[in-house]
2 protein chains.
Amino acid sequence: MTSEPAETAVTRKTGAALVDDLAEQIRDRIMTGAIPIGAQLRQAELASNFGVSRTPVREALRQLQTSGLIEVLPNKGAVVSVPAPWDVREAYEVRAELEALAAARAVPRITRDQIEQLRVANQEMYDHSAGRHPVPAQHDHRRSNDIFHTLIASISGNARLSKAISDINETFPRNVSAQLVVNDSRHRDENFHEHERILQALADGDAQQAADQMREHVIKAGEQLARWYELRSSTVFRG
Amino acid sequence: MTSEPAETAVTRKTGAALVDDLAEQIRDRIMTGAIPIGAQLRQAELASNFGVSRTPVREALRQLQTSGLIEVLPNKGAVVSVPAPWDVREAYEVRAELEALAAARAVPRITRDQIEQLRVANQEMYDHSAGRHPVPAQHDHRRSNDIFHTLIASISGNARLSKAISDINETFPRNVSAQLVVNDSRHRDENFHEHERILQALADGDAQQAADQMREHVIKAGEQLARWYELRSSTVFRG
DNA sequence: GCCATTAACATTGGATCCAATGAGAGGGGA
DNA sequence: TCCCCTCTCATTGGATCCAATGTTAATGGC
């Protein structure tokens with residue numbers, strides 16, 4: 001199975017489009033945990049998986065390295081970065097400020113329909129995480145959560161802001177955050193209500209409140225994630 | 001001169017280090033205006049200039065493309081991006097928020113020595129821009145200005161924050177901003193006093209004031225830059 | 001039996017190759 | 001004279017090549 005010419009159907013793109021596509025797909029596999037933290041990424045293997053040569057794969061890996069998701073050691077190959085707790089806290093502090101700005105800017109621009117969309121996304125997220133099957137629940141939760149946050153960012157009307165936020169997000173595997181919320185009912189409820197409070201502020205047209213609630217929410221999420229990595233590093237290499 | 005094997009002495013680096021080095025040098029040439037906005041970047045030419053093959057050059061170009069400094073058209077080559085005024089405004093709004101956060105965070109951490117360093121940098125910047133020779137003045141001004149801003153960012157103690165700020169800055173050629181301040185005495189004085197106000201707030205230990213002054217300063221700089229590009233695009237292709 | 005040295009192997013990374021695409025010049029027809 | 005077609009040339013971009021480096025396992029000495 002592994003030596004099939006093309007495991008994944010890559011539409012015949014070329015140049016930047018191909019490289020971006022490869023980077024995206026590799027990123028996804030890391031984000032969802034299909035490729036776990038600390039795992040090695042061999043160029044030849046990825047190349048044959050995607051049915052291309054090593055050249056575009058290398059360029060894709062460089063891109064992921066620049067974003068910080070993987071580390072490339074000279075002549076040794078690439079591994080998925082193991083996030084340091086302090087780095088997670090720093091990154092989430094930046095993200096918190098950016099998303100707070102996005103929320104504040106979204107207030108005068110948001111429509112009733114969009115508020116409804118956000119409400120639906122939040123409810124779906126809650127339902128998914130209260131569901132039974134852990135793995136698809138994680139997946140769906142992550143998707144709903146992404147919709148909630150990226151929608152607010154896009155409503156802000158500042159494309160640079162959206163990009164800056166996603167640049168930071170793309171730095172850490174996300175399945176972990178979802179896992180936390182799905183598995184822990186207290187986290188689940190807190191998360192739901194934090195989103196509700198943000199939504200309320202948006203509906204009320206209170207920019208200051210929206211920004212503050214968003215900032216607090218993101219900082220909290222970052223703290224949870226950092227704690228998880230702390231725990232992980234103390235229980236080293238235990239299944 | 002152009003066909004010399006290696007115009008620039010590239011220390012024999014390899015892998016990511018080499019690619020980053022190339023990206024850095026190409027970026028610098030664009031930033032300083034040595035390679036002007038809209039100019040074509042031919043891989044073969046760059047490769048022979050740096051004494052390497054096209055392979056690492058292509059990876060470097062991809063990196064610059066990801067950051068938005070250049071645009072790569074399929075099978076057509078790379079050109080230095082021509083910033084759109086609205087994009088400049090958006091980017092500087094994000095940068096303003098990030099630098100405001102940095103200034104606020106720097107307040108409880110800054111030392112007397114560092115305040116003195118900032119004062120010196122600001123004074124040097126003013127002296128340089130009040131000097132005679134426009135081109136070196138631009139260069140020196142840019143350097144002093146960079147020191148002022150990056151020092152505050154680094155004092156914030158958040159490496160991610162510093163990176164996020166420089167990521168945005170690396171998106172636009174900077175010689176333009178320097179040119180504006182150097183050539184226009186009103187801009188020059190305003191710029192100097194804005195820096196002074198930020199410094200005062202830092203010295204006073206007033207985080208809120210530091211953040212507000214920094215935000216305002218950056219927004220203003222962005223507005224000036226955006227205006228310049230607006231003017232430029234209306235007087236198309238005129239020497 | 002344990003450690004060091006070395007030799008084979010796996011993998012990376014720059015250089016080169018060639019097909020594909022696009023731009024521009026030159027020629028032919030209206 | 002102007003337009004369009006085609007041929008050629010320049011340039012990009014994926015594939016392949018080979019040298020360099022790191023890793024691992026086996027062998028030999030102690």
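- Atom CG of A:Leu22 is separated from atom P of D:dG13 by 14 Å (rounded to the nearest Å).
- Listed by chain and residue number, A:Arg58, A:Arg62 satisfy the side chain to side chain donor-acceptor pair (under 3.5 Å) test with B:Glu59 (two or more places apart in sequence, or in another chain).
- Evaluation of the salt bridge (charged side-chain N to carboxylate O under 4.0 Å, His left out) test over residues 144-153 of chain A, restricted to residues two or more places apart or in two chains, returns A:Asp146-A:Arg174.
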Where do N or O atoms of nucleotides 5-12 of chain D meet protein N or O atoms at under 3.5 Å, pair by pair?
unit_1: D:dT12; atom_1: OP1; unit_2: B:Gln43; atom_2: N; d: 3.3

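- For B:Leu61 and D:dG13, the CG to P distance is 9 Å, given to the nearest whole Å.
- Looking at residues two or more places apart in sequence or on another chain, you find no salt bridge (Lys or Arg N to Asp or Glu O under 4.0 Å) involving B:Arg143.
- Checking C:dG14, D:dG14, D:dA15 against every side-chain atom of A:Leu18, the shortest atom distance belongs to D:dG14.
- The phosphate of D:dA15 has OP1 or OP2 within less than 4.0 Å of a side-chain N or O from A:Ser53.
- For A:Arg62, whose side chain is taken as the heavy atoms from C-beta onward, the closest listed nucleotide among C:dT16, D:dA15, C:dG13 is C:dG13.
- By the side chain to side chain contact (heavy atoms under 4.5 Å, CB included) test, A:Ala104 is found to be paired with A:Ala207, A:Ala211, residues two or more places apart in sequence or in another chain being considered.
- Listed by first and then second residue, the side-chain hydrogen bond (donor to acceptor under 3.5 Å, both in side chains) pairs that reach into residues 80-90 of chain A are A:Glu71-A:Ser81, A:Asp87-B:Arg160, A:Arg89-A:Glu223, A:Arg89-A:Glu230, sequence neighbours excluded.
- Between B:Thr171 and B:Pro83 the shortest side-chain heavy-atom distance does not fall below 4.5 Å.
- The CD-P distance, from A:Glu59 to C:dG14, rounds to 12 Å in whole Å.
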